[in-house]
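Read through the structure below, which is laid out as C-alpha cells, and then see the notes.
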Amino acid sequence: MNIKEKDSLYIANTYARFPIALKSGSGSLAYDDDGNEYIDMATGIAVNTFGYSDTEWVRAVTEQLNLLQHTSNLYYSEPCVKLAEMLCEKTGMKKVFFSNSGAEANECAIKVARKYAAAKKGEDCYKIITLKNSFHGRTITTLAATGQDVFHKDFLPLTDGFIHCEANNCEELRELVKKNNVAAIMFEAVQGEGGVLPLTKEFVETIFDLAREYDILTIADEVQTGNGRTGKLYAFMNYGVKPDIFSTAKGLGGGLPLGATVLGSKVENVLGNGDHGSTFGGNPIACAGAVNILSRIDEELLNGVCEKSNYIKEKLTAAKGVKSVSGLGFMLGIETEKDASEVIAECRKNGVLVIKAKNKVRLLPALNIPEELLIKAVDVIIDACK
Ligand SMILES: *Cc1c(COP(=O)(O)O)cnc(C)c1O
C-alpha cells in the first residue's frame with residue numbers, strides 16, 4: 001500500500017490533501033518522495049519562518065533536545081523565560097502565557113478578556129465582537145469566535161457570547177458596541193483563511209477609539225500574521241496601534257508547535273495561580289527554536305520582506321489572468337480568472353507549491369527566501385495564471 005492509500009485508511013478524513021508526499025527540504029526547496037523538487041511558497045501555512053531544516057534553527061533545537069526535552073510547568077525553565085522576555089521587549093507587552101497552537105493561544109486570550117471584564121464591569125459583561133469572515137481556530141470556543149458559518153454547522157451549540165461584525169464596517173461596529181455589553185473586540189489585521197484581506201486603517205482606528213471610549217479590551221489574533229509575516233514583527237504594527245492582548249503561534253515556533261498569548265499592562269495580572277495551564281505549553285525545545293527565530297527577525301530581514309513583497313505584487317498585478325493581489329508583506333492573495341485550484345495544480349506540476357485561501361491563490365514564502373528562487377517561483381505562477 002502506498003502512503004496515499006494508507007492515509008485514507010487510517011487518518012480521519014478531515015483534510016483534502018494535495019497529491020504529493022513531502023519527504024525532505026532545505027530552505028525554500030522541498031522534495032517529494034519521488035524526488036521531485038519544489039520551490040515552497042507556502043511554508044506549511046506560514047509556519048516554517050526560515051524554510052525547511054534551517055541550519056541555525058536546527059542547531060538551537062538540537063542543543064536543547066540534547067539537554068532535556070520537557071520539564072512540565074512545575075519547574076522553572078530557561079528557554080521559555082528567555083522567549084517571554086524577548087516577546088515583551090520587542091513589543092512593549094508585559095507577560096506571556098505559552099501553549100501549543102493558535103486555537104489555544106486564542107482560548108487563553110478569551111479567558112483573560114472574560115475575567116477582566118467580569119471583575120471590572122460585572123459578570124454580564126462577557127460579549128466579544130469578532131469579524132465576519134475571520135478565522136480563530138477549531139475548538140468549540142474559537143469556532144464560536146470564527147465568523148464563518150461553514151465552520152459552525154454540525155457542531156452546535158457553540159460557546160455563547162460572540163457577535164460578528166462585518167470587517168471594515170465602522171458604522172456596524174459602532175452600533176454593536178453601543179447595543180451590547182462588550183468585553184473585547186478581536187481581529188486579524190489581515191484575515192488569512194478568509195481570503196488574505198487586510199483591514200483598513202480607518203477600521204482598526206475605529207476599533208481602538210471605541211475600545212478607549214467604552215473600556216473594551218482589544219485582542220489581535222496574530223497567529224498567521226505574526227512573527228514578521230506582514231513585513232513588521234506583528235501586523236498591528238502596520239497600523240500604529242497596540243492591542244491589550246495578542247495571540248500568536250504558526251511562525252513563532254518555526255516548525256514546532258508553540259502558541260503564545262501576550263498580555264499588555266492592563267491585563268498582565270488578570271490570570272492568577274491555577275486559572276489556566278498547559279502540560280506542553282512553553283516546551284523547552286519549541287521555545288529554544290523560537291528564541292532563535294525571533295532573534296533573527298530584524299529590520300534588515302523585514303525590509304527584505306517588504307521589497308520582495310513589492311516585487312511579487314508588481315509582477316502579479318500586471319500579469320495576464322490576474323484580477324487582483326491583496327495582502328501585506330509575505331502574506332499575499334491572488335485573485336485569478338481561472339479557478340484557484342487549477343492555478344495551484346499547474347504551479348505544483350511546474351515545481352512551485354502554493355495554497356488556497358477562499359477563491360484566491362495564497363502565497364506565504366519563507367522570510368529569507370533567496371531572490372533567485374522567488375523570481376523563478378513568480379514566473380511559474382504568472383504562467384499558471386494565463
Ligand atoms: C491558523 C490560525 C488559527 C488556528 O491555529 P491552530 O494552530 O491551527 O490552532 C487561529 N487564528 C488564525 C488567524 C489562524 O490563521
Side-chain angles (χ1 to χ4, degrees), residues 12 14-17 42-49 97-111 113 128-148 150-152 155 158-159 162 164 167 184-199 204 207 218-230 232 234-236 238-239 243 245-262 278 280-283 286 289-290 293 326-333 355-358 360 362-364:
T14 60
Y15 302 109
R17 299 197 201 276
T43 53
I45 323 185
V47 166
N48 302 324
T49 306
F97 179 86
F98 287 116
S99 52
N100 316 286
S101 67
E104 286 170 277
N106 285 335
E107 285 270 350
C108 176
I110 292 162
K111 281 178 79 172
I128 296 179
I129 296 179
T130 64
L131 303 182
K132 287 184 181 145
N133 204 38
S134 59
F135 185 82
H136 297 296
R138 302 286 198 157
T139 63
I140 290 292
T141 295
T142 57
L143 268 185
T146 294
Q148 300 190 57
V150 287
F151 295 111
H152 294 174
F155 303 108
L158 301 177
T159 307
F162 292 89
H164 304 123
I185 303 172
M186 181 166 169
F187 63 95
E188 299 158 86
V190 183
Q191 295 189 326
E193 302 308 306
V196 200
L197 301 166
L199 297 182
V204 175
I207 293 175
T218 50
I219 306 173
D221 179 340
E222 294 274 353
V223 172
Q224 188 163 160
T225 52
N227 314 297
R229 182 56 45 197
T230 67
K232 296 271 186 198
Y234 291 97
F236 61 78
N238 289 295
Y239 294 82
I245 305 170
F246 76 85
S247 58
T248 190
K250 290 195 168 95
L252 178 64
L256 285 172
L258 180 61
T261 309
V262 187
S278 164
F280 284 117
N283 171 271
I293 299 282
S326 64
L328 284 175
F330 270 177
M331 187 171 171
L332 295 170
I355 59 175
K356 221 170 136 172
K358 285 274 150 68
K360 290 181 184 168
R362 180 167 32 157
L363 309 184
L364 301 159

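Read the numbers this way: they start at 1 and go in the same order the structure lists the ligands and their atoms. Please read all numbers here as calculations on a predicted model, not as lab measurements.
In this structure, the side chain to side chain donor-acceptor pair (under 3.5 Å) partners of Gln224, at least two apart in sequence or on a different chain, are Glu193, Arg362.
Among protein residues, Ser101, Gly102, Ala103, Asn106, Phe135, His136, Gly137, Glu188, Asp221, Val223, Gln224, Lys250 come within 4.0 Å of ligand 1, judged on heavy atoms.
Ring pair His164/His152 is tilted by interplanar angle, where 30° to 60° counts as tilted.
Interatomic distance, Tyr239 OH to Lys232 NZ, rounded to the nearest 0.5 Å: 12.0 Å.
Counting non-hydrogen atoms of neighbouring residues, nucleotides and ligands closer than 6.0 angstrom, the CD1 atom of Ile45 reaches no more than 12 such neighbours.
Across all their heavy atoms, Ala113 and Ile219 have their closest contact at CB-CD1, 4.0 Å.
A donor-acceptor contact closer than 3.5 angstrom is absent between the side chains of Lys358 and Gln191.
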